[in-house]
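To keep things clear, I will list the structure first and then write my remarks on it.
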Amino acid sequence: MKKVYALAAFLLVLLKISVCFAEEGAGFKEITLKPFDEVKQGQTIFINIKTPEPLEDPVFKFKNKKYRLFNLKENEYTGLLGINVLEKPGTYKISMKDKTGNLNDRAFIKIIKNDLPSQNIKVTKQMAGLTASKRELSRIKKMKGTVTNTFLGALPPYDSPAEGCVNSIFGLKRYYNGKFSGNYHKGIDIKADEGVPVRAITGGKVIFAEQFRLHGGSVAVDHGQGLVSLYIHLSKIDVTTGKQVASGQKIGEVGKTGFATGPHLHWGLYINGTPVDPMIDWIKPVKICM
Ligand SMILES: [Zn+2]
């Protein structure tokens, strides 16, 4: 429970500017969005709600999709919204509701273009022949659909999961041998020597820890409440599926297994299945070596 309270406290500190909705009658309802006005493609929105009355099954809706708001402590709720890096810029509505009717509010947020550069990757014949197996595709799908009740982590910002420098940022348009792959980079790459420890960014439970064809040695960790982290191309895996991991616990070692040109850690952070930029709000500043 301590961690949950700590998360709530963190959110309150982080949410510097509040969007408040005053209600008639006893007490006030306070709804806070961080950021509250503009958000970049690929960025995370932190939602915090304090109400005078308890809520029942509170949810928020974004683009016709419902997401859960989680109970932090008495009459306080939180939710995370990951903005897709390909989301069309414009003004969007976030509506919030619950079964009692105590929550029936909306907020508007402007999504702005995140001008991300392109990156060309020299793909070897051997790499070009690599495709994802059915098994790894189903595991990734399961990972993206993982939303559990309890937050198992500590407060961001976290330490980088591996010591090294970032040589590929989030959201880059990926070209393979000069041709657009149709993909964008769904995480960050941390360049490091083979064998450098890879650590869980914060506490959680291992969704899978397996060797895959395309992703290589892979570990996915469920931190709870829709937050999941993925670590791939590992040369060694130190954890097993279903195991609880502590913040900073070694889960494996940097490698170049799967679709990789050299040793590095590809680290992805997902919110309700949407990859977000982990370098905005989630980790402490890291060295860039692009
Ligand atoms: Zn990568």
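Residue indices begin at 1 and follow the sequence shown. Just so you know, ligand 1 is whichever comes first in the structure, and atom 1 is the first atom listed for that ligand. It should be emphasised that the depicted structure is a prediction, and the values quoted were computed from it without experimental measurement.
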ask   = Below 4.0 angstrom, N of the basic side chain to O of the carboxylate: do K99 and D57 qualify?
value = yes
request  = Tell me who clusters with V228, hydrophobic residues only, linked when side chains sit under 4.5 Å apart either directly or through other members.
outcome  = I140, M143, I207, F208, F212, L230, I232, Y270
query = Do K179 and Y175 meet the cation-pi criteria used here (NZ or CZ under 6.0 Å from the six-membered ring centre, within 45° of the axis)?
reply = no
request  = Would you tell me whether H233 and T257 have side-chain atoms, one donor and one acceptor, within less than 3.5 Å of each other?
outcome  = no
request  = Report, as a single number, the protein N, O or S atoms less than 2.8 Å from the Zn ion (ligand 1).
outcome  = 3
Test: D238 and K236 ion pair at under 4.0 Å = yes
inquiry  = In terms of relative ring orientation, are H185 and H266 parallel, tilted or perpendicular, with 30° and 60° separating the classes?
reply    = perpendicular
